Undergrad: 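Please read through the structure below; I'll follow up with questions.
When a ligand or atom number is given, it counts from 1 through the structure's own listing order. Please read all numbers here as calculations on a predicted model, not as lab measurements.
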Amino acid sequence: MQILSVPLDLVLLGPPGSGKGTQAARLAAKYGIPAIATGDILRAQVEAGTPLGLQVKAYLDRGELAPDKLVIDIIRHRLSDPDTLLGFILDGFPRTVRQAQALDALLAELERPLDAVLYLQVDRQSLLDRLGHRAEIDQRSDDRPDVIAHRIDVFLDQTAPLIDYYRQQSKLRLIDGRQPADQVAAAIDGLIGSLQ
Ligand code: AMP
């Protein structure tokens, strides 16, 4: 594990299947900071059958985004946990401009603006191939072909505007997400090295 000289607050941005989860887990292990994936948190709630889970299940099954307010509340609570003091990696949040604005407001309150937003770029066909393959091995109810295509459209429609949002803040860093995972990892490590 590598000790960070200053806290590292990152967002991993990218379409479903771009490798955010893989890279977030690796960074979490490398730097000893939590990877926070709203998709994982929501799926756990659905599986546990909590009121929140019951509320969001239909969104997840259809590949639609859960309501902004709900995911913003989850992140607000999660970022107040002490394990985030040395940094965090957000995976799958924010996904709308409203979520990004709420995150900025929250981090301004905490006086710890984001260090960078890493955008994993992958073309649509590669995403369809990867997610189609993932569907053969996992149990996710939203990795069905029709839902996969819809989730990519939802990304293009509701999340892609964040690319410009963060570019305007000079926070955006582009990564070629079509490369093998270890090359993506090397590119990310290079970028993080330049932030520290
Ligand atoms: P993921 O595991 O990131 O692909 O997310 C799976 C599903 O969880 C998405 O298709 C949405 O239904 C829901 N979800 C995850 N993160 C968010 C978010 N930030 N805003 C709204 N819905 C989300």
Undergrad: Without swapping roles, check the side chain of Lys20 against the backbone of Leu12 for a donor-acceptor pair under 3.5 Å.
TA: no
Undergrad: Checking a contact table here: which protein heavy atom is nearest atom 16 (N) of ligand 1, and how many Å away?
TA: Thr38 OG1, 2.8 Å
Undergrad: Mind checking whether Leu42 contacts ligand 1 via backbone (N, CA, C, O), side chain (CB onward), both or neither, at a 4.0 Å heavy-atom cut-off?
TA: side chain
Undergrad: Going by the closest heavy atom to atom 15 (C) of ligand 1, which one wins out of Arg62, Lys57, Arg95?
TA: Arg95
Undergrad: Just wondering, do Leu79 and Ile36 contact through their side chains at under 4.5 Å, heavy atoms?
TA: yes
Undergrad: Need the ligand 1 atom indices (1-based, order shown) with element for anything under 4.0 Å from a heavy-atom of Val71.
TA: 18 (C), 20 (N)
Undergrad: Under the salt bridge (charged side-chain N to carboxylate O under 4.0 Å, His left out) rule, what do Arg62 and Asp146 come out as? Steps first, then yes or no, please.
TA: CA-CA 9 Å; Arg62 289 197 307 260; Asp146 51 332; over 6 Å; no
Undergrad: Within the structure, does Gly92 bring an N/O atom to less than 3.5 angstrom of an N/O atom in ligand 1?
TA: yes
Undergrad: Quick check on contacts: which atoms of ligand 1 are under 4.0 angstrom from a heavy atom of Gln99?
TA: 18 (C), 19 (N), 20 (N), 21 (C)
Undergrad: Ion pair present between Arg26 and Asp189, side-chain N to carboxylate O less than 4.0 angstrom?
TA: yes
Undergrad: Just jot down the ligand 1 atoms closer than 4.0 angstrom to any heavy atom of Arg43, in number order.
TA: 2 (O), 6 (C)
Undergrad: What part of Ala66, side chain from CB on, backbone N/CA/C/O, both or neither, has a heavy atom under 4.0 Å from ligand 1?
TA: both
Undergrad: Using a strict cut-off of less than 4.0 Å between a Lys/Arg side-chain nitrogen and an Asp/Glu carboxylate oxygen, indicate whether Arg173 and Asp115 qualify as a salt bridge.
TA: no
Undergrad: Are Phe93 and Ile72 packed together at the side-chain level, in the sense that at least one heavy-atom pair is separated by less than 4.5 angstrom?
TA: yes
Undergrad: For ligand 1, which atoms sit closer than 4.0 Å to a heavy atom of Arg151?
TA: 4 (O)
Undergrad: Look at the side chain of Thr96 and the backbone N and O of Gln158, then say whether any donor-acceptor pair between them is shorter than 3.5 Å.
TA: no
Undergrad: Please state which protein non-hydrogen atom is closest to atom 7 (C) of ligand 1 and give its distance, to 0.1 Å?
TA: Leu60 CG, 3.9 Å
Undergrad: Atoms of ligand 1 less than 4.0 Å from Arg140 heavy atoms?
TA: 1 (P), 2 (O), 4 (O), 6 (C)
Undergrad: Looking at ligand 1, is there an atom of it that comes within less than 4.0 Å of some heavy atom belonging to Lys20?
TA: no
Undergrad: Can you tell me if Lys57 has over 12 outside heavy atoms packed within less than 6.0 Å of its NZ?
TA: no
Undergrad: Which atoms of ligand 1 sit under 4.0 Å from any heavy atom of Glu64?
TA: 11 (C), 12 (O)
Undergrad: Carefully, step by step, assess Arg130 and Asp143 under the rule salt bridge (charged side-chain N to carboxylate O under 4.0 Å, His left out).
TA: CA-CA 10 Å; Arg130 280 190 193 176; Asp143 271 352; over 6 Å; no
